[in-house]
Every structure is written in C-alpha cells, then in structure tokens.
Number of protein chains: 2
Amino acid sequence: MALGDAILACLTERPMTGYELAKTFDSSIGFFWKADHQQIYRELSKLRDRGHIQGREVVQTGKPNKLVYTLTPEGRTALRHWAARPSTPASTKDDLLVRLHALDSIDIEPLRTDLMARLEHHRDRHANYERILKKRFPEGTAEGRLDLGNLLLLRLGARHEQMVADFCEEALDALSAMSGKATVVPLEDGKREGKG
Amino acid sequence: MALGDAILACLTERPMTGYELAKTFDSSIGFFWKADHQQIYRELSKLRDRGHIQGREVVQTGKPNKLVYTLTPEGRTALRHWAARPSTPASTKDDLLVRLHALDSIDIEPLRTDLMARLEHHRDRHANYERILKKRFPEGTAEGRLDLGNLLLLRLGARHEQMVADFCEEALDALSAMSGKATVVPLEDGKREGKG
DNA sequence: CCGACTTTTGTCCGTTACGGTAAATAACGG
DNA sequence: CCGTTATTTACCGTAACGGACAAAAGTCGG
C-alpha cells in the first residue's frame with residue numbers, strides 16, 4: 001500500500017481535504033503517481049480508521065462541509081517506518097514498450113501516430129518541469145531538506161521526460177528508415193543534442 | 001488488461017509454456033514488465049477461454065506434462081487491435097520518489113542506505129543491458145522489424161538505468177552535502193550553467 | 001427564469017491486478 | 001533424504017482502478 005503512504009507524505013506539507021489531495025495528485029506528486037479522487041477518498045477512510053490521520057469537519061455555507069485531514073503523531077511515525085524500509089524498484093509497464101517488443105506483428109501506422117502523440121506528451125511534460133524548476137529554483141540550489149527533495153525530483157522528472165521524448169523521436173526515425181527500405185537504425189547512445 | 005497483451009506479444013516469437021513465459025518475464029520483457037508465475041497462469045487461462053491462445057499438451061516422462069501455448073489467428077488479431085489503440089503513458093510509482101517528496105519528515109540514514117542499494121541495482125541492470133546490446137547488436141544496427149524493436153528497447157532500458165543510477169549518486173552527494181551542513185546542492189552536469 | 005453545466009465533497013459497487021502460501025508429481029544431484 | 005529444477009494449479013486476501021451516483025451551490029446561456 002504505497003498510495004496510503006504517498007498521501008501521508010503529501011499531508012506532511014500541510015493539512016488537506018480529499019479534494020485538495022486529488023488536485024495535488026494531479027500536479028506535483030502526480031507527476032510520478034497517478035490517483036483519481038475515488039481512490040484518494042477510499043484511502044483516506046482507511047488511513048483514518050488506522051488512526052494515521054485525523055479529519056476535522058469545517059462547516060461551509062454554500063458548499064458541502066469539508067473534511068480537513070491532518071497527520072496524527074501515529075501517522076508521522078508510520079510514514080517514518082515505511083520510509084525506513086528498503087524500497088522496491090518499480091517496473092515500467094508501458095504499453096508502448098510491449099508493442100515495440102512485438103514490432104513485426106503489429107501495424108506500424110497506428111504505432112507511428114501513437115509515437116508522435118507520446119513525443120508531444122513527453123515534450124510538454126518536460127517543458128512543464130523546466131518551467132517549475134526555473135520558477136521554484138532559479139539558482140539551481142535548494143535550502144533545506146524539503147526543498148532538496150523536490151529539486152531532485154524535478155530534475156529527475158525533467159531528465160526522464162527528455163529521455164523518453166528523445167526515444168520517441170529515434171523510434172520514429174528508425175521506423176521511417178525501415179519503411180524506406182534501409183535496415184539500418186541511425187544514431188548510437190551518448191548525448192545527442194537535437195539539431196534545432 | 002495489458003498483461004494479457006504482453007503475453008500475446010511474447011507468444012508472437014514462439015509458442016511457450018506457462019513456465020517458459022514466467023522465465024521470459026524474468027528476463028527480456030521482464031525488464032520493463034514484472035509478473036510472477038501465478039499471474040501468468042491465471043492470465044493464460046483467461047486468454048485460452050477467450051480463444052486468443054490454444055494449448056497443446058505435451059506428454060513428458062519424468063516431468064509433469066506441459067502445456068505449450070500458441071497464438072491463434074484470433075489472438076493475433078486481438079494483439080493487432082490492441083496495438084492500434086493509443087497507449088496510455090504509465091506513471092512511475094516509485095517509493096523512492098515519494099520519500100524524497102517528504103524528505104524532511106523521514107530519517108536520512110535508512111534513505112541513504114536505500115539509495116546506495118538502488119544505485120547498485122540500477123548499475124547492475126545497466127551493465128546487463130549493455131552486455132546484451134553488445135552481444136545481440138555488436139554493430140548497433142538491426143535487420144528487420146523485430147530486431148529493430150528490441151534494439152530500441154534495449155537502448156532505452158540502458159539509458160534509463162544509467163539515468164536513475166546517476167540520480168541516486170547525485171541524491172547521495174546532495175544528502176552528504178546537506179548533513180555536512182551546507183545547504184547547497186551541487187550543480188549537475190549538462191545544462192544549467194547559471195552560476196560561476 | 002429555467003435548465004444545463006461546473007465545482008466541491010464525497011459514497012457505492014464491481015472488476016482487474018497483484019501476491020503469498022501451498023500442493024502435486026517426478027527426475028536429478030549431493 | 002533433502003534440496004533443486006521443472007510444471008501446473010488452487011485458494012485467498014489485499015491493492016488498485018474506474019464508472020456511476022448524490023447533493024448542494026455557483027455560473028453561464030438562451
């Protein structure tokens with residue numbers, strides 16, 4: 001149950017409602033962890049049952065009342081214990097990779113379309129990371145533990161998106177070369193600063 | 001259900017038993033898709049029920065009889081249809097990243113240990129990718145669609161592991177710098193040449 | 001003004017996926 | 001005899017995902 005711990009991690013920053021958490025999982029932490037609002041509400045109930053978080057109802061006029069969740073000391077401890085256990089490296093599980101593995105049994109045209117969409121997707125995300133980096137860390141330095149973690153995360157994210165975007169480009173190139181009859185895939189590893 | 005399709009993708013190469021598939025999911029395709037043998041057997045039953053694969057029992061003396069599964073034409077079609085649908089970009093879901101997000105609420109020592117373990121893990125995997133690359137594609141070129149896909153995959157895998165390993169190293173460096181009291185994270189290689 | 005749509009805050013229910021434990025069967029190696 | 005390799009399968013619990021619904025107030029268009 002890592003989703004629960006991801007929520008606890010979010011709540012270390014400030015108390016939040018399920019709705020705000022859902023928003024958060026759509027931006028910052030959501031860059032590497034997807035969860036929709038139902039999942040979050042369900043997980044919140046479990047965490048509350050476990051005593052890891054505590055909900056305080058805030059009466060609102062006009063809108064339905066909201067439940068602001070705060071980490072309890074038990075929750076903090078649980079998070080620390082969870083964080084002290086060795087992490088398990090996650091596997092990628094990307095459909096695209098499976099398709100490439102069976103490249104000669106599938107249709108290339110839709111694949112090409114897909115690769116182009118993905119290229120755009122990863123470029124967008126890369127730009128987004130860079131934008132946030134420039135805004136939050138214009139000096140490229142962090143002050144304090146929390147900032148350090150987020151800076152590291154943003155840099156990793158940016159590089160990852162860059163890498164995948166490059167990969168999509170190369171795959172498209174190779175596919176073109178292939179359908180053009182040549183059987184050689186261009187480029188080799190290392191840097192490859194795009195010709196702009 | 002992408003696992004089912006991953007299995008179909010594997011079976012395009014050659015007919016296999018559940019046992020062999022489990023092995024495969026421990027090496028080649030398993031580099032980016034984890035699945036243990038129970039999952040695979042379960043999925044195989046479903047695929048057989050759906051008529052996407054067909055099992056042929058091979059009587060063995062000494063060992064339990066084995067069931068060799070072959071793709072049916074329906075299975076091939078299903079795979080092609082699946083591969084023609086746009087892929088959904090997968091999110092990372094790595095515990096380590098969640099921990100970094102809550103860096104100031106967790107203990108650094110176990111994190112450091114974990115980072116070192118992960119560094120080694122990703123270096124090993126990188127070496128493994130490079131080894132396979134050198135063996136299967138000494139020229140760095142592919143002949144034929146199937147080879148192209150696998151070459152691309154291996155290169156992506158190698159780069160990915162390299163990147164994550166580098167990330168672990170940087171995180172460790174930054175953590176050391178931090179506990180040494182300085183609050184500045186050293187500049188990374190590559191871009192970002194802001195400060196002198 | 002009415003109806004449609006969005007925002008905010010959730011709940012319910014069903015399916016898919018994952019993972020631990022275990023068991024049956026039989027050769028081979030130490 | 002015990003452990004490992006090979007092979008398949010069952011049972012069971014939890015984690016994760018995702019569609020639909022609810023309820024009440026806000027905003028926009030006709």
Side-chain angles (χ1 to χ4, degrees), chain A residues 1-8 15-26 29-30 32-50 52-53 55-69 78 82 85 88-95 98, chain B residues 1-8 15-27 30 32-50 52-69 82 87-95 98:
Chain A
M1 119 125 45
L3 175 57
D5 297 291
I7 289 175
L8 293 183
M16 278 191 266
T17 68
Y19 192 81
E20 286 175 289
L21 276 165
K23 293 263 169 206
T24 304
F25 271 80
D26 234 38
I29 204 180
F32 52 89
W33 205 292
K34 273 286 156 245
D36 52 30
H37 77 279
Q38 303 101 307
Q39 257 177 290
I40 287 166
Y41 284 119
R42 240 171 321 187
E43 209 58 40
L44 283 172
S45 308
K46 284 192 214 161
L47 289 171
R48 193 181 35 196
D49 291 350
R50 241 175 255 146
H52 290 176
I53 59 176
R56 191 170 44 82
E57 190 165 20
V58 173
V59 181
Q60 298 187 122
T61 49
K63 297 171 199 175
N65 296 345
K66 61 183 179 183
L67 267 164
V68 181
Y69 288 102
W82 170 76
R85 278 164 29 209
T88 49
S91 51
T92 309
K93 296 213 174 177
D94 191 327
D95 293 1
V98 175
Chain B
M1 116 131 39
L3 175 58
D5 297 291
I7 289 176
L8 293 182
M16 279 191 265
T17 69
Y19 192 82
E20 285 175 290
L21 276 165
K23 294 262 170 208
T24 304
F25 270 80
D26 234 37
S27 57
F32 52 89
W33 204 291
K34 273 286 157 247
D36 51 30
H37 76 279
Q38 303 101 305
Q39 256 177 290
I40 287 165
Y41 282 116
R42 240 173 320 188
E43 209 58 40
L44 283 172
S45 306
K46 284 191 214 163
L47 289 171
R48 192 181 38 195
D49 290 350
R50 241 175 255 147
H52 291 177
I53 59 175
Q54 195 194 343
R56 193 172 40 85
E57 189 164 20
V58 173
V59 180
Q60 297 188 125
T61 49
K63 297 171 199 175
N65 296 346
K66 62 183 178 182
L67 266 165
V68 181
Y69 288 103
W82 170 77
S87 66
T88 49
S91 50
T92 309
K93 296 212 176 179
D94 189 328
D95 292 3
V98 176

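Order of the sequence lines fixes the chain letters, A, B, ..., with proteins taken first and strands second; residue numbering starts at 1 for each chain. For clarity, every value in this text was computed on a predicted model and none was experimentally measured.
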>> Output the rounded distance in Å from NZ (B:K23) to P (D:dT8).
In response: 12 Å
> Just wondering, are more than 12 heavy atoms of other shown residues or ligands nearer than 6.0 Å to NZ in A:K93?
Replying inline: yes
>> Output the rounded distance in Å from CG (B:L67) to C1' (D:dT9).
In response: 11 Å
>> Can you measure A:L3 atom CG to C:dA17 atom P for me and round it to whole angstrom units?
In response: 18 Å
> Any idea which heavy atoms bring B:I7 and B:L21 closest together, and the distance?
Replying inline: CG2-CD1, 4.0 Å
> Within the pair B:Y41 and D:dT8, is there a side-chain N or O less than 4.0 Å away from OP1 or OP2?
Replying inline: yes
>> The side chain of B:R42 is closest to which nucleotide in this list: D:dT8, C:dC18, C:dT8?
In response: C:dC18
> Between the base of D:dT8 and the side chain of B:Q38, is there any donor-acceptor pair under 3.5 Å?
Replying inline: no
> Within this structure, what is the CZ-to-P distance between A:F25 and D:dA16, rounded to whole angstrom?
Replying inline: 11 Å
> Are B:Q39 and C:dA17 close enough that a side-chain N or O sits under 4.0 Å from OP1 or OP2?
Replying inline: no
>> I'd like to know if B:H37 reaches the base of D:dT9 with its side chain, counting only an N/O donor and acceptor under 3.5 Å.
In response: yes
> Just how far is it from atom CG of B:D36 to atom CZ of B:F25, taken to the nearest 0.5 Å?
Replying inline: 11.0 Å
> At under 4.0 Å between heavy atoms, what does B:T17 touch on the DNA or RNA strands: base, sugar-phosphate, or nothing?
Replying inline: sugar-phosphate
> OP1 or OP2 of C:dT8 less than 4.0 angstrom from a side-chain nitrogen or oxygen of A:Y19, does that happen here?
Replying inline: yes
> Between B:K46 (NZ) and C:dA17 (C1'), how many Å, whole number?
Replying inline: 7 Å
> What heavy-atom pair brings B:V68 and B:T17 nearest, and what distance separates the two atoms?
Replying inline: CG2-CG2, 3.9 Å
>> Which nucleotide wins on minimum distance to the side chain of B:K93, given the candidates D:dA16, C:dT9, C:dA17?
In response: D:dA16
> Which one, D:dG18, C:dT11, D:dT9, comes nearest to the side chain of A:D36?
Replying inline: D:dG18
